[in-house]
2 protein chains.
Amino acid sequence: MRIGELAKATGTKAETIRYYEREGILPTADRTDSNYRDYSDNHLAALTFVRRARQLGFSMAQVRELLALSNHEDNPCQDIDRLVQLQLTEVERKIADLMALRDELGQMLRSCQADKIGECQIIGSLGRQSVM
Amino acid sequence: MRIGELAKATGTKAETIRYYEREGILPTADRTDSNYRDYSDNHLAALTFVRRARQLGFSMAQVRELLALSNHEDNPCQDIDRLVQLQLTEVERKIADLMALRDELGQMLRSCQADKIGECQIIGSLGRQSVM
DNA sequence: ATGCACCTTGTAGCAACTACAAGGTCAAGC
DNA sequence: GCTTGACCTTGTAGTTGCTACAAGGTGCAT
Ligand SMILES: [Zn+2]
Ligand SMILES: [Zn+2]
Ligand SMILES: [Zn+2]
Ligand SMILES: [Zn+2]
């Protein structure tokens with residue numbers, strides 16, 4: 001398949017696929033006589049893996065690790081578990097941070113009863129250090 | 001005050017302060033005879049405002065809007081409310097996304113009972129399209 | 001006078017793409 | 001046969017919000 005088909009099949013822009021190839025995240029593709037990239041089902045599987053990992057919030061560096069690990073079938077699962085657990089912890093931290101933000105923003109919205117910016121509590125609270 | 005003091009007072013790196021000035025987010029400072037930036041309390045207040053808004057997740061573009069609005073004391077509060085509400089909605093969307101991620105990662109961790117990567121369910125589930 | 005902390009400008013790098021520009025290839029339609 | 005249009009190629013530059021130098025100037029204590 002050509003890059004456009006692969007792009008459509010995985011919901012990835014062609015430019016991103018080329019970028020992954022440059023970065024060594026995806027193996028290089030064969031070329032047709034006219035120098036078009038020619039992808040196999042293995043490439044489809046690899047790109048699906050990469051995109052899924054990225055959607056799950058893994059960094060490119062982590063994706064590299066996951067790829068390397070997945071090529072060592074005899075290695076213990078622990079190695080993968082560690083990465084997933086790390087990512088889970090990170091996601092939980094982000095959720096906590098965002099929930100604190102949400103609360104602050106909600107409070108700001110409820111706080112202002114003024115109708116001119118001159119007396120706006122929101123503007124006021126932006127100029128003060130956070131207490132949270 | 002000099003840039004280092006302002007930096008310490010606001011928990012901002014000096015380089016970031018210069019960057020804000022270049023970007024027009026902060027007004028330029030006076031200069032001493034030796035060309036050092038010389039900040040006033042107004043600058044301190046402005047930088048505090050900016051940093052707080054950034055901590056609350058507002059983009060630089062939104063901070064510019066907030067600053068512009070805060071300088072029009074006669075404008076209605078609605079304009080500010082709109083920005084805060086927008087940001088609140090965005091934060092809520094991110095929380096929902098991250099909670100879905102957290103659930104998927106948790107499920108992946110629980111799913112794998114193998115001890116060799118060859119049979120790892122986690123690796124397997126990365127290669128499949130998400131169902132969620 | 002020498003060290004050291006601080007300041008100045010300018011430039012380049014980070015992550016993970018995204019967006020061109022300038023040109024080559026290929027099938028369809030007239 | 002020729003044009004149109006969709007697709008492909010490479011290479012380079014832009015995005016966001018900083019951060020990290022490098023190379024030099026300043027100010028104060030020892
Ligand atoms: Zn091995
Ligand atoms: Zn208000
Ligand atoms: Zn006005
Ligand atoms: Zn496993």
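Picking from D/dT9, C/dT8, C/dC17 the nucleotide with the shortest atom distance to the side chain of B/Arg31 gives C/dT8. Considering only the side chain of A/Arg2, D/dC7 comes nearest among D/dC7, D/dT9, D/dC18.
Using a 4.0 Å cut-off, no side-chain N or O of A/Arg64 falls inside it from OP1 or OP2 of C/dA16. For A/Tyr20 and C/dC17, the shortest distance from a side-chain N or O to OP1 or OP2 is below 4.0 Å. Put simply, A/Arg51 has a side-chain N or O that comes within less than 4.0 Å of OP1 or OP2 on C/dC17. Applying the 4.0 Å criterion to OP1 and OP2 of C/dA16, one finds that A/Thr16 has every side-chain N and O outside that range. Contact between the side-chain N/O atoms of A/Arg54 and the OP1/OP2 oxygens of C/dC17 is found at a separation under 4.0 Å. Put simply, B/Lys13 has no side-chain N or O that comes within less than 4.0 Å of OP1 or OP2 on D/dG17.
Direction change of the helix axis from one end of the helix from C/dA1-D/dT30 to C/dC30-D/dG1 to the other is 30°, with five pairs defining each end axis (rounded to 10°).
In this structure, A/Arg22 atom CZ and D/dG11 atom P are separated by 9 Å, rounded to whole Å. Note: CZ (B/Phe58) to P (D/dG17) measures 13 Å, nearest angstrom. Counting to the nearest Å, the C1' atom of D/dC18 and the CG atom of B/Leu26 are 14 Å from each other. Straight-line distance from the CE atom of A/Met1 to the C1' atom of D/dC8: 15 Å, rounded to whole Å. Rounded to an integer number of Å, the gap from CD of B/Glu23 to P of C/dG10 is 14 Å. One can place CE of B/Met60 at 13 Å from C1' of D/dT19, the figure rounded to the nearest angstrom. For A/Tyr19 and D/dC8, the OH to P distance is 21 Å, given to the nearest whole Å. Atom CZ of B/Arg18 is separated from atom C1' of C/dT8 by 7 Å (rounded to the nearest Å).
Listed in residue order, the members of residues 33-43 of chain A having a heavy atom less than 4.0 Å from DNA chain D are A/Asn35, A/Tyr36, A/Arg37.
Here the side chain of B/Gln87 pairs a donor or acceptor atom with the backbone of B/Leu56 at under 3.5 angstrom. Put simply, the side chain of B/His43 gets close to the backbone of B/Ser40: a donor and an acceptor are under 3.5 Å apart.
Counting heavy atoms from C-beta on, the side chains of A/Cys112 and A/Ile122 come closer than 4.5 Å. A/Met60 has its side chain out of reach of A/Val50: every pair of non-hydrogen atoms, C-beta onward, lies at least 4.5 Å apart.
Taking CG from B/Asp74 and CD1 from A/Ile117, the interatomic distance works out to 8.0 Å, rounded to the nearest 0.5 Å. A distance of 4.5 Å separates OG1 of B/Thr12 from CG of B/Leu47, quoted to the nearest 0.5 Å.
In this structure, B/Lys8 places its NZ atom where only 12 or fewer heavy-atom neighbours from other residues, nucleotides or ligands lie under 6.0 Å away.
Residues A/Tyr36 and A/Met1 are members of separate hydrophobic clusters, defined by side-chain heavy-atom contacts under 4.5 angstrom among Ile, Leu, Val, Met, Phe, Trp and Tyr.
Remark: B/Glu90 engages B/Arg93 in a salt bridge, criterion side-chain N to carboxylate O under 4.0 Å.
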For a quick test of your reading: what N or O donor-acceptor pairs under 3.5 Å do the side chains of residues 15-27 of chain B make, sequence neighbours left out?
| from | atom 1 | to | atom 2 | distance (Å) |
| --- | --- | --- | --- | --- |
| B/Tyr20 | OH | B/Arg51 | NH1 | 2.7 |
| B/Glu21 | OE1 | B/Arg37 | NE | 2.9 |

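A donor N or O paired with an acceptor N or O is found under 3.5 Å between the base of D/dC21 and the side-chain atoms of B/Glu15.
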